[in-house]
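Remarks on the structure that follows.
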Number of protein chains: 2
Amino acid sequence: MKKLINEPGDVVDEMLDGMTAAYPEELRRLDGTNVIVRADAPVDGEVAIVSGGGSGHEPTHAGYVGEGMLDGAAAGEVFTSPTADELSEMIQATDAGEGVLCVVKNYEGDVMNFETAAEMAEMEGVSEVAQVVVNDDVAVEDSLYTSGRRGVCGTILVHKAAGAAAHRGDDLEEVQRIAEKVIDNVGTMGTALTSCVTPEKGEPTFDLGEDEIELGIGIHGEPGTERVDMMPADDIAEELTNSVLDDLGLEDGQEVVTIVNGMGGTPQMELFVLNRKVQKLMDDHGLEVWDAMVGDYMTSLDMMGASITVCAVDDELKELLAYEADTPALKR
Amino acid sequence: MKKLINEPGDVVDEMLDGMTAAYPEELRRLDGTNVIVRADAPVDGEVAIVSGGGSGHEPTHAGYVGEGMLDGAAAGEVFTSPTADELSEMIQATDAGEGVLCVVKNYEGDVMNFETAAEMAEMEGVSEVAQVVVNDDVAVEDSLYTSGRRGVCGTILVHKAAGAAAHRGDDLEEVQRIAEKVIDNVGTMGTALTSCVTPEKGEPTFDLGEDEIELGIGIHGEPGTERVDMMPADDIAEELTNSVLDDLGLEDGQEVVTIVNGMGGTPQMELFVLNRKVQKLMDDHGLEVWDAMVGDYMTSLDMMGASITVCAVDDELKELLAYEADTPALKR
């Protein structure tokens, strides 16, 4: 498998340098770490929002660093949690004295390292560190790297809403409440048409036949719910959407945000074909789509596939999701 | 090859429906056509900017329809020119009486059909239709579908600058001058690590060995300049960048915009690894990077690979490229 990289062991380091080179006025890399923060961090008078996780999910998370979303993002090696040391440095570098909210995708290593980092940062003088754990993947309860449900693409809505709340001056308790409100109202399910290929291994992480797909795939190629024969896009959209809606149990007339998310190797053409059916399904279910997002938001290296996210929104969340944001990967 | 589609023959129609479903307030599809226009077209008091071409290059072109860029974009079938009839309908639907500028990528079918469409639209009462032809691909002179050089990713800078000029109220002659100024100052070269797969064929368009890449590739998989052994990303960046810079012949201290563009199947991680080296090369050549763009701007379905664009900019172009824009694929 060919990749546009140099040495596999250098890929995260070089990616981060390429990112700060693209956004020199917006992003800054903390010296000697794989942490990206806002160039103007810490931001006076605002609660800081930080996130992080293994690399390979770009633009997650560093692409969401900027005004109105994240203050910092820590990148681990590919599909590997960032260290507690680096997470602690990030928390310290972004804290402006108003406290820090860590938005953590539910993977055991991430949750553990963020918890340790929060304790370390508090010992170093950060006033208060709170944590929310995103677990929006409705596919599987307990998986290869996770107790409980995994955190996937719904996480970016947590970044957006919590970031907006922080930017308008809400305090830590309130920002955390907002983040948890999104988590309580969001569900996601994905599918893989092909495996991803990690730089180190250089070969597919798992085998998938030419005529089969995996439903409920994780963003590291962890097993999903089942392997089925390849289906038309409309049937795939229906399988994924119905699983999410079954989980959320929304009432008729509920307003929602939908995300059709590409996994990294999926052409945008196919995401829009999926979105067409997703919007019809929302209509069939009596749901009112307030915003329909389509694009690569949380990927799995070069995997072909997509995930579908649905989030119920009320006036409070709509205001925050629509709030101004200026990041490399999302502008409002 | 698996794709998230239904019937291959329906893919463009369904993609466009999925697109307007995602942006119902911003985009409108002209009834019975594959043309996307701004929902508020025609825009009073402004020259209209339109573009179009075969599908499979998303977000090109419909992703750039919106305030400050394009008023309309016509989608042909995959890798096939839109018809003159549809192009004429687009020109008529976007003209607000100030004239229309057609931004055409240099492919024989596109150029011919836009020329015919301009004549048809003028007969239907459009006051004036002008055309510029983008030919930024420095790789090959004459190719499978082209006399002269092909139009590739530099086209989006033409959309941006001309769209800004139109939005601030410049007349057609001035908007055309701006578009041609970008065309005179931009060069691009790409590489493919894998072939693309069209929905109709379902198999790779060309064969490329596991250890070889094609330099100078076209966005439809047309042959490039040479096949070479797979190289590290830094060497690929150097090959592509040097070809572009040799063509442009820029002076020391010149300000430039760079674009590292993904071809559709390339993870963002790899684009940033490339960008790191591109920025170093700009520095080595004594060029001042005013803006470094990284992302999927003009793709070739699911092709793995990337292109590198360099555009020399002066104060006039910088003002226009920085000007406010609000489109699905590019916001400023």
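The chains referred to below are lettered A, B, ... by the order of the sequence lines, with proteins before strands, and numbering in each begins at 1. Being a predicted model, the structure only gives us computed values, none of them experimental.
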Rounded to the nearest 0.5 Å, what separation is found between the NE2 atom of B:His159 and the OG atom of B:Ser51?
4.0 Å
Under 3.5 Å: donor-acceptor pair, side chain of A:Thr33, backbone of A:Arg29:
no
Between A:Val273, A:Thr258, A:Asp10, which shows the greatest number of heavy-atom pairs under 4.5 Å with chain B?
A:Val273
Inter-chain contacts: residues 278-295 of chain B against chain A, heavy atoms under 4.5 Å
B:Gln279, B:Ala292, B:Val294
Gap separating the CE atom of B:Met269 from the OG atom of A:Ser55, nearest 0.5 angstrom:
5.0 Å
Nearest heavy-atom approach of A:His61 to A:Leu70 is O-CD1, 3.7 Å
Note: A:Val65 and A:Ile36 closest approach over all heavy atoms is CG2-O, 4.1 Å
Nearest heavy-atom contact between B:Ala306 and A:Leu4 is CB-CD1, 4.0 Å
Does B:Tyr64 use its side chain to pair, donor to acceptor, with the backbone of B:Ala73 at less than 3.5 Å?
no
Bottom line for B:Pro59: the part with an atom under 4.5 Å from chain A's heavy atoms is both
Can a donor-acceptor pair be found, under 3.5 Å and without considering hydrogens, that links the side chain of B:Thr155 to the backbone of B:Val152?
yes
OG on B:Ser300 to CD on B:Glu58, rounded to 0.5 Å:
10.0 Å
Using non-hydrogen atoms and a limit below 4.5 Å, what part of residues 322-332 of chain A faces chain B?
A:Lys331
Honestly, the part of B:Thr266 sitting under 4.5 Å from a heavy atom of chain A is both
No-hydrogen, no-angle side-chain donor-acceptor test under 3.5 Å, A:Glu14 and A:Asn6:
yes
Tell me which one of A:Asn261, A:Thr309, A:Ile259 satisfies side chain to side chain contact (heavy atoms under 4.5 Å, CB included) with A:Met298.
A:Asn261
Identify the heavy atoms of B:Ile5 and B:Pro199 that sit nearest to each other, and give their distance.
CD1-CB, 3.9 Å
Sort by residue number and list every residue of residues 233-242 of chain B having at least one heavy atom under 4.5 Å from chain A.
B:Ala233, B:Asp234, B:Ile236
Would you confirm whether B:Thr191, through its side chain, and B:Gly305, through its main-chain N or O, come within 3.5 Å as a donor-acceptor pair?
no
At a heavy-atom separation under 4.5 Å, does B:Met230 approach chain A through its side chain, its backbone, both, or neither?
side chain
Count the heavy atoms of every other residue, nucleotide or ligand shown that sit under 6.0 Å from CD of A:Glu7, and state whether that count exceeds 12.
no
Spatial distance of atom CD1 (B:Ile217) from atom SG (B:Cys196) [nearest 0.5 Å]:
7.5 Å
Look up atom CZ in B:Phe272 and atom CG in A:Asp17, then write down how far apart they are to the nearest 0.5 Å.
12.0 Å
Anything in residues 204-216 of chain A with a heavy-atom distance to chain B below 4.5 Å? Please list those residues in order.
A:Leu208, A:Gly209, A:Glu210, A:Glu212, A:Ile213
Check A:Ser307 against A:Cys153 and note the closest heavy-atom contact, atom names and distance.
OG-CB, 4.0 Å
Structural part of B:Met304 lying under 4.5 Å from a heavy atom of chain A:
side chain
When rounded to the nearest 0.5 Å, the distance separating CG of A:Asn275 from CD of A:Gln268 is 11.0 Å
Between A:Val78 and A:Val12, which heavy-atom pair has the shortest distance, and what is it?
N-CG2, 4.0 Å
